Amino acid sequence: MLLAIDCGNTNTVFSIWDGERFIATWRTSTEWQRTADQYYVWLSTLMRFQNVDVMIDEVIVSSTVPRVVFNLRVFADRYYNCRPLVVGKPDCLLPTAPRVDAGTQVGPDRLVNAAGAFDRHGGNLIVVDFGTATTFDVVAEDGAYVGGVIAPGVNLSLEALHNAAAALPHVDITQPQRVIGTNTVACMQSGVFWGYIGLVREICARIKAERDVPMQVIATGGLAPLFQQAEALFDAFEDDLTMHGLTVIHKYNKDNA
Ligand SMILES: Nc1ncnc2c1ncn2[C@@H]1O[C@H](COP(=O)(O)OP(=O)(O)O)[C@@H](O)[C@H]1O
Ligand SMILES: CC(C)(COP(=O)(O)O)[C@@H](O)C(=O)NCCC(=O)O
Ligand SMILES: [K+]
């Protein structure tokens, strides 16, 4: 059975794929110091707790944090007796090669999103992923990742205000009732919330104008629904898009081994 690991700058998600569906998904914070043994204690405890009694014999990893890959490799080797497929490494094939400037190290999460979204929706897509950063990944007609946009993430934007200004508190994102805030928290939430609505709308419109073909906008990441409920920005929301992309890339590598 396949263990798919999606490591972002904030959280790392582990999902078990039985070939047809994900039978379990768990999330932990990303810490590059975590050892292979620590991963195993954590994962095996959760598996036992939820009666997930399966044999993992394949592992695929996408990591936006290069330093965690070493311990995840040891984890796969030591506990599941396998060599993990690591997206972005030369021995991991992609269904379609990215078309970007020579020497660019595209975030593996973006390549995975592109593969997952193309598999479900075909080409000409904008994938918006609300993570630590908010990324817009442009997927061409043939499924290739052809570039995109990187914007500061929602929580990162709020944290930046808090960190840089002595009188601004830590606040969580929510949809403010009105644009004009009448207290500090409401002002900050309005700036980030409505600013983000504008950011997403403007970037998608400009990408569509630049590509000059009809495109679908596919959103992923836990915060996407918050924006979608205020304004119809996306054609689809898929929480498991990155995980799905990992299964697509894994299958492609098996079929083309
Ligand atoms: N459903 C949600 N509601 C509120 N905040 C969320 C939700 N999902 C994710 N977040 C927050 O969004 C940020 C990005 O999280 P995540 O998508 O895990 O990022 P990454 O993939 O970069 O690790 C984190 O600060 C996380 O706590
Ligand atoms: C843009 C990112 C930081 C997003 O990471 P995340 O928010 O998922 O943690 C990541 O995709 C990355 O490090 N990219 C490398 C540069 C690039 O994609 O062009
Ligand atoms: K992201």
Side-chain angles (χ1 to χ4, degrees), residues 4-15 25-32 34 39 60-69 72 86-89 92 94 97-117 125-139 144-163 170-176 185 188-189 192-193 196 199-200 203-204 207 217-230 233-234 237-246 249:
I5 306 174
D6 164 29
C7 176
N9 282 283
T10 306
N11 291 309
T12 302
V13 184
F14 290 67
S15 282
T25 296
W26 297 288
R27 188 177 284 260
T28 182
S29 55
T30 299
E31 281 164 27
W32 69 267
R34 193 167 295 153
Y39 283 118
I60 183 166
V61 174
S62 159
S63 179
T64 59
V65 183
R67 286 213 275 193
V68 305
V69 174
L72 287 172
V86 180
V87 179
K89 299 292 176 200
C92 180
L94 293 171
R99 292 193 287 276
V100 292
D101 298 350
T104 302
Q105 289 284 328
V106 181
D109 56 322
R110 309 178 74 187
L111 300 172
V112 173
N113 283 344
L125 307 174
I126 303 170
V127 181
V128 190
D129 186 337
F130 292 83
T132 309
T134 297
T135 47
F136 296 72
D137 312 321
V138 178
V139 183
Y145 167 88
V146 292
V149 173
I150 300 173
V154 175
N155 288 312
L156 193 60
S157 305
L158 284 164
E159 276 309 297
L161 286 174
H162 170 58
N163 291 336
H170 168 83
V171 302
D172 290 325
I173 190 69
T174 176
Q175 179 178 344
V185 168
M188 292 170 68
Q189 285 169 333
V192 174
F193 186 87
Y196 236 81
L199 179 147
V200 172
I203 287 176
C204 289
I207 290 173
V217 183
I218 315 298
T220 191
L223 288 172
L226 179 70
F227 297 102
Q228 181 76 353
Q229 76 186 18
L233 298 167
F234 316 118
F237 166 71
E238 284 160 21
D239 205 20
D240 66 345
L241 189 65
T242 313
M243 277 300 160
H244 177 65
L246 282 171
I249 293 175

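Both counts, for ligands and for their atoms, begin at 1 and track the order of listing. All of these numbers come straight from a predicted model, not from anything done at the bench.
Residues Val128 and Cys204 come closest through the heavy atom pair CG2-SG, 4.4 Å.
In summary, Gly153 places no N/O/S atom under 3.4 Å from the K ion (ligand 3), failing the contact criterion.
Side-chain contact annotation: Ser157 with Tyr196, donor-acceptor N/O pair under 3.5 Å absent.
Thr30 places a side-chain N or O within 3.5 Å of a backbone atom of Gly8 that can act as its donor or acceptor partner. Put simply, the side chain of Ser63 gets close to the backbone of Val65: a donor and an acceptor are under 3.5 Å apart. The closest donor-acceptor contact from the side chain of Gln228 to the backbone of Leu233 lies under 3.5 Å. One N or O on the side chain of Thr220 and one on the backbone of Glu238 form a donor-acceptor pair closer than 3.5 Å. Checked by atom type and distance alone, the side chain of Thr64 pairs as donor or acceptor with a backbone atom of Asn9 at under 3.5 Å. Side chain of Glu159 to backbone of His170: no donor-acceptor contact under 3.5 angstrom is found.
Residues satisfying the side-chain hydrogen bond (donor to acceptor under 3.5 Å, both in side chains) criterion with Arg99, sequence neighbours excluded, are Asp142. Remark: Thr135 pairs with Arg110, Asp129, Asp137, Ile150 by the side-chain contact (heavy atoms from CB on, under 4.5 Å) rule, at least two apart or across chains.
Near ligand 1, Gly8, Asn9, Thr10, Asn11, Arg27, Phe130, Gly131, Thr132, Asn155, Gly222, Leu223 each place a heavy atom less than 4.0 angstrom from the ligand. Using a 4.0 Å heavy-atom criterion, the residues that approach ligand 2 are Gly8, Asn9, Thr64, Gln105, Val106, Gly107, Asp109, Arg110, Gly131, Thr132, Ala133, Thr135, Ile150.
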